[in-house]
Every structure is written in C-alpha cells, then in structure tokens.
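Values in this document were obtained by computation on a predicted structure and should not be read as measured data.
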Amino acid sequence: NYLIRPEWFESYEAHQNRVRKALTKIISKHNDGEKIAVFSHGGSIKTQVGFFNKLSGEELTNLSIPNCSITLITFSKSIGYEKGQLKYFGKELINVL
C-alpha cells in the first residue's frame, strides 16, 4: 500500500528523484545521438515509466514492471531529462514515430 510503508522505506517519489539524478549524470557524459544502455531492477524502471506517464506514487502501486523488462526512453543532452520520451515498456509501444 502506497500510504502504509515503514518509515525507513523509500517513497516512489524519492526513488524516482534518485534515479533521475543518476540518469542525468549518465546523459551528461555522452554526446547527443549516442546509444546508452542502463540496467536496473523493476522498481527503478517503474518510477521512470511513472514519471513519463505522469503517474502519482499512489497510481504506481497498480503498475507492474517485471525485472529484466525492456524499456526505451529517449533523452537528449540538449533538452535534458524532463523532456525525454518514453517510447516502449513491457509490450506497449508509446509515441512511436
């Protein structure tokens, strides 16, 4: 339950922010157009999918993202993390040109 968790347990919002900072750091070390692979567990993927779908932490409790799933998010160093685009996660294509 989103609203009932141990005091020491990281919230979805805090987790999303921590992963965003890590991704921003990774992006800053690469040129636009480079392809970068980042591997993480399902919880970190979930917070990013939630960010790009504008889901609240409470809504994220209903989203299931398995470990080892494939997710594609495009970023550009020039536009930054916030304007990245979620293209694919699980079996769902999103914003495909």
Student: Can you give me the closest heavy-atom contact between F52 and Q85, atom names plus distance?
Tutor: CE2-N, 4.3 Å
Student: Please name all residues satisfying side chain to side chain contact (heavy atoms under 4.5 Å, CB included) with R18, sequence neighbours left out, ordered by chain then number.
Tutor: E10, H15
Student: Looking at residues at least two apart in the chain, or sitting in another chain, which of them share a side chain to side chain contact (heavy atoms under 4.5 Å, CB included) with I27?
Tutor: F75, K77
Student: Tell me, please, which residues at least two apart from I36 pass side chain to side chain contact (heavy atoms under 4.5 Å, CB included).
Tutor: I26, H30, V38
Student: When rounded to the nearest 0.5 angstrom, what is the spacing between OG1 in T74 and CG in L86?
Tutor: 8.5 Å
Student: Considering residues at least two apart in sequence or located in another chain, which fulfil the side-chain hydrogen bond (donor to acceptor under 3.5 Å, both in side chains) criterion with D32?
Tutor: S76, S78
Student: With S40, which residues qualify under side chain to side chain contact (heavy atoms under 4.5 Å, CB included), at least two apart?
Tutor: S44, I45
Student: When rounded to the nearest 0.5 angstrom, what distance separates OH in Y88 from OG in S69?
Tutor: 8.5 Å
Student: Do we see a donor-acceptor contact under 3.5 Å between the side chains of Y12 and E59?
Tutor: no
Student: How close do L60 and T47 get, heavy atom to heavy atom, and via which atoms?
Tutor: CD1-CA, 4.3 Å
Student: Verify, without hydrogens or angle tests, whether N53 (side chain) and V49 (backbone) share a donor-acceptor contact under 3.5 angstrom.
Tutor: yes
Student: Quick check for you: to the nearest 0.5 Å, what is the distance between I73 atom CD1 and L23 atom CG?
Tutor: 7.0 Å
Student: Go through Q16 and K46 one step at a time and tell me if the side-chain contact (heavy atoms from CB on, under 4.5 Å) criterion holds.
Tutor: CA-CA 9 Å; Q16 187 280 326; K46 179 187 247 188; over 6 Å; no
Student: Could you tell me if the side chain of T71 sits less than 4.5 Å from the side chain of Q48, heavy atoms only?
Tutor: no
